[in-house]
2 protein chains.
Amino acid sequence: MNDNHENLMLKEAGLATEVGFVISRAKTQVLKQVDHVLEGFGFTKHHYAVLALACSVEAPSQREIATYMRLDPSRLVRILDELEGQELVRRERSAHDRRTWIIQATDSGHQRRTEASMALQQLNDNLLRHLGETQRQLLIGALLHLAEIEVQVEQR
Amino acid sequence: MNDNHENLMLKEAGLATEVGFVISRAKTQVLKQVDHVLEGFGFTKHHYAVLALACSVEAPSQREIATYMRLDPSRLVRILDELEGQELVRRERSAHDRRTWIIQATDSGHQRRTEASMALQQLNDNLLRHLGETQRQLLIGALLHLAEIEVQVEQR
DNA sequence: TATTGTTATACTCTATAACTATA
DNA sequence: TATAGTTATAGAGTATAACAATA
């Protein structure tokens, strides 16, 4: 197929070794598949990430979710409205500060999150199927580093 | 720092091992730096990639550039107008088909591309400084695979 | 005075439709 | 009829400004 010619052009132009170009296109391709998987659950990637955070033991406020997701607080409003409309999360007034809403996943929220999470895990496995376990960890580790997310990794 | 709490939340929510989430944020952070570097040359990432393709030995048509870059042909028009305005590329009528323009980099186009390319290479080295040579190749290879760009493999 | 959540609005990026000139 | 390039426009995604309630 003609794909090969295209790829040779990208290589010849030096773009195939440029991190910015390669990570951009990889992100586009991966997100296409993520979007497709989450569509099956009536989610966008934003809905999913917000729901995942709402499922945390330490339920976050809207402000915290917006910060964690680098999302403008005003954008979060509609996302939460939609999740709340499906009764997947609840807004609950903070006991300490009556300006802030604490976002809690409902039971069905937890359930839907688990289902979506398993589907995404399957996609992950498929995307990385050509890599060994060590290589997977290296890839994720390198991406986390580029993303400036440094989590204390305790592997054993 | 509070960053640590944020990162722990992302990990706790399972997002720190989700390829889609991690690659999205990595892309955002990397592109911020790429944009900043290219700004110094009066470029956007699109200008740079188009110029790089125009520098290829086999000068591409607009249609080809649009295809290679997954860019709508209508968007390419302005990008080329701007590059041509700076006399970095020229539109030349194809000898075979008078509908198509062949995009050729000018001498100063080649020069500016080389300069920008070196600056990006430096950024690449800095971004990947914590990785050994083998690990770098694995990372780039994995990203190319996710990007569905298979260059080094010629199977038949 | 500053902050949380909200609404309305503006801006940017991208996709779509229609046009011209060639094939 | 179909295609390359162009223009104008519409849409999605995102950012900005102003507001009410609370601190």
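Side-chain atoms are counted along with the backbone in the values below, which use heavy atoms only and exclude waters and symmetry mates. Throughout, a chain's letter reflects where its sequence line sits, starting with A, and its residues are numbered from 1. Source: prediction; values computed, not measured.
- The distance between atom CH2 of B:Trp101 and atom P of D:dT6, rounded to the nearest whole Å, is 8 Å.
- For the 3.5 Å distance criterion, the side chains of B:Thr106 and B:Glu87 fail to qualify, holding no donor opposite an acceptor.
- The ring pair (Phe, Tyr, Trp, His ring centres under 6.0 Å) analysis of residues 40-66 of chain A, with sequence neighbours excluded, yields no pairs.
- Counting only residues at least two apart or in different chains, ring pair (Phe, Tyr, Trp, His ring centres under 6.0 Å) contacts with residues 116-145 of chain A comprise A:His130-B:His145, A:His145-B:His130.
- A distance-only check finds no donor-acceptor pair linking the side chain of B:Thr100 to the backbone of B:Arg93 [under 3.5 Å].
- Rounded to whole angstrom, the span from the CZ atom of B:Arg91 across to the P atom of D:dA4 amounts to 15 Å.
- The environment of CG in B:Asp81 is crowded: more than 12 heavy-atom neighbours from other residues, nucleotides or ligands sit within 6.0 Å.
- One atom, CD1 of A:Ile79, and another, C1' of D:dG13, lie 11 Å apart when rounded to the nearest Å.
- Here the C1' atom of nucleotide D:dA15 and the CE atom of A:Met69 are 16 Å apart, to the nearest Å.
- One interatomic measurement links the two molecules: CD1 of B:Ile102 to C1' of D:dG5, which rounds to 12 Å at whole-angstrom precision.
- D:dA12 atom P lies 15 Å from atom CG of A:Asp35, rounded to whole Å.
- With 3.5 Å as the limit, one finds no donor-acceptor pair spanning the side chains of B:Gln104 and B:Glu92.
- Following rounding to the nearest Å, A:Leu76 (CG) and D:dA15 (P) show an atom-to-atom distance of 13 Å.
- Rounded to a whole Å, the CZ atom of A:Arg63 is 7 Å from the C1' atom of C:dT3.
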Check your understanding: How would nucleotides 7-23 of chain C be written as a contact map, 5' to 3', with B for base contact, S for sugar-phosphate-only contact and - for no contact, using protein heavy atoms under 4.0 Å?
Key -> B------B-B----BBS
